[in-house]
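Residues take their numbers from the sequence shown, with the count starting at 1.
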Amino acid sequence: MPLSVLLVDDEPLVRAGLRAVLAAQPDIEVVGEAADGAAVIPLVRRLRPDVVVMDVRMPLMDGIEATRAVLRTMADPPKILVVTTFENDEYVYGALRAGAAGFLLKRARPAEIVHAVRLVAEGDSLLFPAAVRQLASSYGRAPGSAAARTALERAALTEREREVLRLMARGLSNAEIAARLVVGAETVKSHVSAVLAKLGARDRTQAVIAAYESGFVAPE
C-alpha cells in the first residue's frame, strides 16, 4: 500500500507544490488537503492518512494546536510533519513538544521533502537531529529542570536503554545504533520501544526532547 499523506497549509501554492512533489512518487499518495488546522480532525478520521504534512502557522488553528488535537482525540493517530519558513522557530519547537514527529522547511528541495515524509512514517530515525538540538537549546525548559529530570528518573531506564537514548539523541538510526553497539537490529528496536514506553513518548523525537530538557543529554 502506498504511504498516504494529508496536506494542511493556508497557502494554495504551497499545497500545490507539495502535492506535485509527493504525488510524483510511486509509493506516496496525497489523499486530501486542508487550508487550516481546524479542518484536520474530521479529515484524519475520514481519510486515515499515515502522515499529515502541516503548516506550523495558520490563521484559525495553528500547527501546534492541531497537533495536540489530533494526538489527543485519535486512538491511532498519524505521524505529523510540520512545515515552517524558519528553522529556528519557537513555534516549531512547540509543535515538536506537542507531538509532531519532525519538521520541514518550506524551501526544502523536492528530494528532501520526500525523504522527510518517508522518514517520519518509518520512525526509525530522527529528522534533522542537529536542528532539534538547537531548538531544544533555544526554547526548551532549562536543561536539568526539576520536572523533566524527575520524569526521566521515574522512567528507570536500564543502562543499555540510557545508552540507546544517548545515541538516539545524536541522530543515529536503529541500524546505526545496532552497528555501534554490535547487536541485532531487532534488539535495538526492542530497546527503543522500551525507552519510548518508559518515558511516555509517542516517538523518538519526544524521547530526545525529554533527554535534552532533563539534562541527560546536553545540546551541542
Side-chain angles (χ1 to χ4, degrees), residues 1-9 11 13-34 40 44 47-57 63 66-67 70-71 77-89 91-93 95-136 164 167-180 185 188-189 192-193 196 201-209 212 220:
M1 295 291 292
L3 188 64
S4 58
V5 177
L6 172 65
L7 304 177
V8 185
D9 196 295
E11 298 181 33
L13 285 177
V14 172
R15 295 200 308 272
L18 290 170
R19 175 180 280 276
V21 168
L22 295 173
Q25 305 303 310
D27 62 329
I28 297 177
E29 179 184 7
V30 177
V31 294
E33 297 183 17
V40 169
V44 167
L47 301 173
R48 305 301 299 176
D50 298 305
V51 178
V52 177
V53 178
M54 180 156 53
D55 190 10
V56 74
R57 294 175 184 261
T67 295
V70 169
L71 300 184
K79 295 294 181 68
I80 297 177
L81 177 64
V82 293
V83 182
T84 180
T85 302
F86 305 105
E87 182 173 333
N88 193 17
D89 186 343
Y91 273 74
V92 171
Y93 192 69
L96 294 178
R97 290 198 72 208
F103 72 94
L104 179 68
L105 295 177
K106 289 190 176 183
R107 64 176 183 272
R109 297 188 299 270
E112 292 173 330
I113 296 170
V114 172
H115 173 69
V117 168
R118 288 174 177 155
L119 197 65
V120 299
E122 292 165 0
D124 289 340
S125 297
L126 186 68
L127 185 61
F128 303 140
V132 173
R133 284 196 292 270
Q134 179 60 45
L135 287 166
V164 167
L167 296 175
M168 288 167 59
R170 291 176 58 186
L172 273 65
S173 67
N174 285 1
E176 290 167 334
I177 294 173
R180 180 70 61 89
V188 171
K189 188 174 181 180
V192 171
S193 295
L196 299 185
R202 179 170 180 261
D203 56 36
R204 65 203 300 135
T205 300
Q206 278 67 60
V208 168
I209 287 174
Y212 288 135
E220 299 173 3

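Side chain of Asp203 to main chain of Gln206: a donor-acceptor pair is present (N/O by atom type, distance under 3.5 Å, no hydrogens or angles). No donor-acceptor pair under 3.5 Å is formed between the side chain of Ser4 and the backbone N or O of Glu29. The closest donor-acceptor contact from the side chain of Arg57 to the backbone of Thr84 lies at 3.5 Å or more, if one exists at all. Checked by atom type and distance alone, the side chain of Lys79 never pairs as donor or acceptor with a backbone atom of Ala101 at under 3.5 Å.
Pairing each heavy atom of Leu127 with each of Phe103, the nearest pair is CD2-O, 3.4 Å. Heavy-atom minimum distance, Ala66 versus Met54: CB-SD, 3.5 Å. Scanning both residues, Leu7 and Arg19, for their nearest heavy atoms gives CD1-N, 3.6 Å. What you find for Val70 and Pro78 is that their closest heavy atoms are CG1-CD, 3.8 Å. Nearest heavy-atom pair, Ile28 versus Pro2, reported as atom, atom and distance to 0.1 Å: N-CB, 4.3 Å. What you find for Leu6 and Glu33 is that their closest heavy atoms are CD1-N, 3.7 Å.
Taken from CZ in Arg118 to CG in Leu22, the straight-line distance is 9.0 Å, to the nearest 0.5 Å. Here the straight-line distance linking atom NE2 of His115 with atom CG of Leu104 works out to 10.5 Å at 0.5 Å rounding. Distance CD1/Ile80 to OG1/Thr205: 11.5 Å, rounded to 0.5 Å. The structure places CG of Asp9 at 5.5 Å from CD of Glu11, a figure rounded to the nearest 0.5 Å. Note: Leu172 CG to Arg180 CZ = 5.5 Å, rounded to the nearest 0.5 Å.
Counting only heavy atoms from C-beta outward, the side chains of Tyr91 and Val82 never approach each other to under 4.5 Å. Contact of the Leu167 side chain with the Glu176 side chain is not registered, since no non-hydrogen atoms from C-beta on lie closer than 4.5 Å. Residues Asp27 and Leu3 have side chains not in contact (no heavy-atom distance under 4.5 Å, counting atoms from C-beta outward). At a threshold of 4.5 Å between non-hydrogen side-chain atoms, the residues Asn174 and Arg204 count as touching. In this structure the side chain of Met168 reaches within 4.5 angstrom of the side chain of Ile177, judged on heavy atoms. Counting heavy atoms from C-beta outward, Ile113 and Val53 have side chains that stay 4.5 Å or more apart. Val52 is listed as a side-chain neighbour of Val8, based on a closest heavy-atom distance under 4.5 Å.
In Phe128, the CZ atom is crowded: over 12 heavy atoms of neighbouring residues, nucleotides or ligands sit closer than 6.0 Å.
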Take Asp55 and Lys106 through the salt bridge (charged side-chain N to carboxylate O under 4.0 Å, His left out) test and state the conclusion after the steps. CA-CA 9 Å; Asp55 190 10; Lys106 289 190 176 183; 3.6 Å; yes
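Looking at Ile209, Thr67, Val56, Val208 one by one, the single match for side-chain contact (heavy atoms from CB on, under 4.5 Å) with Leu96 turns out to be Ile209.
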